[in-house]
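Every chain is numbered from 1, with letters handed out A, B, ... down the list of sequences.
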Protein chains: 2
Amino acid sequence: MARRISERADLLPVLGEIFRDHGFEAASLSVIGARTGLGKGSLYHFFPGGKEEMAKAVLDEIDRWFENEVFRPLREGGNAAADIEAMLVAVDGYFRSGHRICLVGALALADSRERFAAQIAGYFAAWQEALAGALARAGRADPDGLAEEVLALIQGGLVLARARDEADIFTRLLARLLARLRLKLRPASH
Amino acid sequence: MARRISERADLLPVLGEIFRDHGFEAASLSVIGARTGLGKGSLYHFFPGGKEEMAKAVLDEIDRWFENEVFRPLREGGNAAADIEAMLVAVDGYFRSGHRICLVGALALADSRERFAAQIAGYFAAWQEALAGALARAGRADPDGLAEEVLALIQGGLVLARARDEADIFTRLLARLLARLRLKLRPASH
DNA sequence: TAAAGACTTAACCGATCGGTACAGAAAAGG
DNA sequence: CCTTTTCTGTACCGATCGGTTAAGTCTTTA
């Protein structure tokens, strides 16, 4: 019963970058093979369901990462204002300050959307809910609306940064957002 | 010299919707043929450059529409505050209150981005410049930053609306944005 | 009405697509 | 060691891809 320490998990980050670069449809098995260094045989061994299983596994890993690094801290943190700032730091890191796009957002705009609709919707719903909770704890009025706005700014910032090939756009937007939230969350501490 | 009143122009809106639905790569000539009712021969008659020429023509038409309906009014309008509100109305109409995505934004996130990089970047640059000018005329500080934020909100709103299959998200974001801008542009008039 | 150009149809091209089959190499367990 | 299981390389499948070609049919102009 030979048992490799699952290399499948090690494949997920690479697959994620491939889907980010090419999208789901255009990420052909040949480019996946080239960039992972694996032949079709190996790929179908790890992912019998083919490309669709690969993408679902990548989305699952993204969900897991955000749940651990972003959503749960937002939900269980102590100081709501600090938690929200920590979220912005984590987000800036994850998206490499605007150099990396959001795979979930990109899939939402692509024609493969329906295939992953549940995971895509769930990702944003969980994020908004966790953030709205923190905003409510911080005493903000209309936490749901504000959380929605924050998510839109992040996603839109990634779109603009990519569209204009200028990652700084994302950084600037996060900085403005941070200033605005600070003002609203801790009006006396600036 | 038989000369049809250019049906090529009539094709562009259909092609736009096809690219919105499928993206560039996945919009195969067979689906384009099916939805336009034209065979490959006809398509290549109108667009000798194939899919790429079709997409470029669609982007050109989008540029033209926004230039006429959004950018120029922003630049040449009289009442800056009213012009900005008119922009939001036009944008809400164009994107069908969140039911329609932004093709330019979608292409920016897809792997076909490089192919259309110049047109994509130009679209957002022109928009931001026109909006920043109006914001400056309205007396706002940091008009460039605010314009960037408005564009990000719009693009992010379209991503979220599609991702969660809930067009109302876009409408809500536009309403919040309108309220915020009103407050800032005409503080005494609410 | 007849020539000319605008448009269409349909067969065809090589390349690549996602996916499968299967034999063999590598590694682990006994 | 030998068996068992995991993993890999390669050849192959039918389907579809974007694009080309050539022969035709319309439609307009002269």
Write down the protein N/O and nucleotide N/O pairs, taken from nucleotides 16-18 of chain D, whose separation is under 3.5 Å; answer none if there are no such pairs.
| from | atom 1 | to | atom 2 | distance (Å) |
| --- | --- | --- | --- | --- |
| D/dC17 | OP1 | B/Ser28 | OG | 3.0 |
| D/dC17 | OP2 | B/Ser30 | OG | 3.2 |
| D/dG18 | OP1 | B/Lys51 | NZ | 3.2 |
| D/dG18 | OP2 | B/Leu29 | N | 2.7 |
| D/dG18 | N7 | B/Lys40 | NZ | 3.4 |

Return the value, rounded to whole Å, for the distance between atom [atom1] of [X] and atom [atom2] of [N].
X       : N      : atom1 : atom2 : value
A/Glu52 : C/dG18 : CD    : P     : 13 Å
B/Phe46 : D/dG19 : CZ    : C1'   : 18 Å
A/His45 : C/dA23 : NE2   : C1'   : 16 Å
A/Leu43 : C/dG18 : CG    : P     : 11 Å
B/Arg8  : C/dA6  : CZ    : P     : 15 Å
B/Asp10 : C/dC7  : CG    : P     : 12 Å
B/Leu38 : C/dT8  : CG    : P     : 5 Å
B/Phe47 : C/dC7  : CZ    : C1'   : 14 Å

B/Asn68-B/Arg64 side chain donor-acceptor pair, cut-off 3.5 Å: no
Pair A/Gln119-A/Asp63, side-chain donor/acceptor within less than 3.5 Å: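 Note: A/Gln119 and A/Asp63 side chains miss the donor-acceptor criterion.
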Connected-component partners of B/Val89 among ILVMFWY, side-chain separation under 4.5 Å: none
Remaining members of hydrophobic cluster (4.5 Å side-chain criterion), A/Ile101: A/Leu109, A/Val159, B/Ile101, B/Leu109, B/Val159
Electrostatic pair B/Asp83-B/Arg137, nearest N-O below 4.0 angstrom: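 Answer for the salt bridge query: yes.
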Test: A/Glu149 and B/Arg172 ion pair at under 4.0 Å: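 A salt bridge is absent here (no side-chain N lies under 4.0 Å from a carboxylate O).
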Watson-Crick and G-U pairing of DNA chain D written in dot-bracket, each distance under 3.5 angstrom, with | for inter-strand partners: |.|||.||||||||||||||||||||||||
Sugar-phosphate only, base, or nothing, as touched by A/Gly39 at under 4.0 Å among non-hydrogen atoms: sugar-phosphate
Touch class at under 4.0 angstrom, heavy-atom based, for A/Gly50 against every strand present: sugar-phosphate
Sequence neighbours excluded - salt bridge (charged side-chain N to carboxylate O under 4.0 Å, His left out) pairs with any residue from residues 31-50 of chain A: A/Asp21-A/Arg35
Which atom pairs, one a donor and one an acceptor, fall under 3.5 Å between side chains of residues 11-19 of chain A and the rest of the protein, sequence neighbours left out?
| from | atom 1 | to | atom 2 | distance (Å) |
| --- | --- | --- | --- | --- |
| A/Glu17 | OE2 | A/Arg20 | NE | 3.2 |
| A/Glu17 | OE2 | A/Arg100 | NE | 3.0 |
| A/Glu17 | OE2 | A/Arg100 | NH2 | 2.7 |

Six-ring centre of B/Phe24, B/Lys51 cation under 6.0 angstrom, axis tolerance 45°: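 Yes, a cation-pi geometry holds between B/Lys51 and B/Phe24.
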